[in-house]
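Worksheet for the structure shown next.
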Amino acid sequence: MKSLKKIGVGLLAGITCMLTVSQTVLAAGTDNYVTGNDSYRQPVPQCYNVVKTVNNIGDFEDSKRYFSNPQDIFIDKNDNIYIVDTGNRRIVKMNSNYETVGIYYGPDKAFKAPQGIFVDDDGDMYVADTENNRIVHMDPDGKLVEEFGNPESELNTGEIFEPSKLIVSKTGYIYVVRGENIMAIDGNGEFRGNYGQTNIGYSLSEVLLRMFASEEQRAFVAKRLASAYISVTLGDDGMIYATSMEREEGEIKKLNSVGNNIYRKYKTVGSSIRNPISDFINKNILKAVVAGNSFKFGEYFNDVGMYQEPYFVDICVDSEGIVTVLERLNSRVYQYDQDGNMLVAFGGRGSKVGTFGRLAAIDVDSKGNLLILDAANANIQVFEPTEFIQLVHEATSSYNNGDYANSYDLWRKVLATDENYDLAHVGIARTYYKQGEYQLSMEESQLVGNRDVYTMAFDEYKFVVLRKYFVQILLIAAAIIALVVILLRLFVKYAKKGYWNYLERKDKKMGVGSGIMYSLYTLLHPIDTLEGIRYNRSRINMAVPFIIFAAAFVVRMAYLYIVHFPLASIELEDVNPVFEAVKLWIVPISWIPASFMATSISGGESKIKEITFTSALSLVPFIVINTPLMFLSNILSKSQASWYGVFSTLAYLGMFLILLLAMMILNNYTLRKTLGMMFVSAFMMLVIWLVALLCYILTGRAIQFIIGIIEEFRLNFL
């Protein structure tokens, strides 16, 4: 099932583009799919069919028959459709049969590049007349009711008022997108505050600037701004849904009455174990986590594998709370439930039906049809939901309404159509959880690798078991604690024995067993252990470091198979022993030549032999910490990941500390010189990695070239 995620998305057969309103049902122009935490596209059954394409106003009397650069679309409670025909400076109104019933050019026919519209339950239109710097309120017949300009307030900084997307709440407040805020205006045109601004975080440089810089210097420094909003819509639940450029918390937001985002956030999901090095790479090199156990809205790589950050140009929410957004760069449509789980993705760039030139806006009617406005092709495509996606919507809606039995039945029907639809398994797991069937919930969520639902079920299951077997668990815990104390004493005893045996028997070479015990002494007294190697380097046994390297690899592989599912960093079917060995050994092994080259040119005393031995010693913390940790993890879950991650991080900190002390002690360096040589060695390690990578690529190309010659010879001469 998981292998299906690695299948590329192919194109369907070409479909003749519709130029006018048509009743023919056509399949969407590209495959439907979902993306999981591993970022691969998993095909799903067809979810939407294109049933109509509208690119003109029909027989309505107007000199401008075709749309020109339309920018917004709105569907009212009666399924009337309003198109902001920006290039033609007008609003076009159609009925539910896609027949034009009205065209409005604004007061004195003075609309200038309008970009947004909202229609209330009474049929009154609120138009964002962008280049006229105003919001126009018209009655259902298009007559002017009032205008709203830039409201005056001390909190309103006086920026140019260029309204784009807007909504009107049940209380009569107008919420309009304005840069990093959604500005609220009351029915009297008074400023009612900025709404939904994201936290820009703490900046030490900004604090220092305020403390020490002069007013003239501060004037030349650009003010830090929050991420800008792009679009906004109003849900039936009264919540404001919006899209923004915010990459830390998430581009799609659901804002409550005080402007806080209560939708799924990036920071509340992701890797089970936080690793500072991985976090740095993800944030500063890739800029987005696109594999492993991380979640992102949309896709951060396009169809050819190039990195790009999504730009969600518009958003709509249906009566069941299904959220659909348009992503302009990839020209794709993404749909999510109320928990932020992707239901389907479709679309793509093109001129065929089901594809788009430049996405502009979207809305949904009472039947669940998606009306998508294409600014480049100047048309509207109407997407009708299939039975499959209707089942998905009903299943999610039943769950949100507390009808878990019906939700379970509906998800089973979904799986009968597509057994690889992961969200159906997640929905069943969540249903089991709500019904108190925690073990079944854990099994179902593990089937599709969902660690969040598994953690919820496991945490509850722990309490059930604890209440049922409290006395037995207490006795087992006491026995384990006693065993740990005994093992620790034995560890200290034999580690000391190995250390003193090696130092006192100066006429005898280190044995394998005593060498391993000596290595364990590194955790107790690393400086004494390293000094023992320096002054007795001729007697060390080189079999010991290779045994440590092998032991670390065995521990790593055992860890991958024993660690508890919600804390695992990789799926078992994705485990590659060669890759795991490279990840584990690349630092300590490449450290050997890098350290030797660096110290050789700076008066160092260490040789390859003792560098190899101490490099292997750096893996001892990894072995000792991860061996019990892999078993301990089975009583922990993702909710305890931060504590679990501390111990994992200690293993790598121990590795760094031992390499640092080894360089200082083996070469008799000062701390300052040691730090300098560490940087030199790190640079040489990087050079070694680059050379190794280059050799790997060239070797692969050479092998491909030879195979090509052999194949050509076989085809032409045999």
Determine, step by step, whether N450 and R430 satisfy the side chain to side chain donor-acceptor pair (under 3.5 Å) criterion, reporting the C-alpha distance in whole Å, the side-chain angles of both residues, the deciding distance to 0.1 Å, and the verdict. CA-CA 11 Å; N450 190 293; R430 291 163 62 191; over 6 Å; no
Applying side chain to side chain contact (heavy atoms under 4.5 Å, CB included) between Y126 and each of V136, I117, I167, D120, report the one that passes. D120
Between the side chains of E251 and Y266, is a donor N or O closer than 3.5 angstrom to an acceptor N or O? yes
Under the salt bridge (Lys or Arg N to Asp or Glu O under 4.0 Å) rule, what do R90 and D62 come out as? Steps first, then yes or no, please. CA-CA 11 Å; R90 65 185 181 181; D62 193 284; 3.0 Å; yes
Between D237 and K254, does any NZ, NE, NH1 or NH2 come within less than 4.0 Å of an OD or OE carboxylate oxygen? yes
Are side-chain N/O atoms of N69 and T86 paired as donor and acceptor at under 3.5 Å? no
Going by atom types only, do Q381 and T53 share a side-chain donor-acceptor pair under 3.5 Å? no
Donor-acceptor pair between S366 and D79 side chains, under 3.5 angstrom: yes
Is the backbone of N261 close enough, under 3.5 Å, to the side chain of K265 for a donor and an acceptor to pair up by distance? yes
Go through Y307 and E309 one step at a time and tell me if the side chain to side chain donor-acceptor pair (under 3.5 Å) criterion holds. CA-CA 7 Å; Y307 175 85; E309 295 177 340; 3.1 Å; yes
Working for side chain to side chain donor-acceptor pair (under 3.5 Å), residues N330 and Q308: CA-CA 9 Å; N330 278 331; Q308 64 181 24; 2.9 Å; yes
Taking K93 first and then D76, would you say they form a salt bridge - that is, a charged N and a carboxylate O separated by under 4.0 Å? no
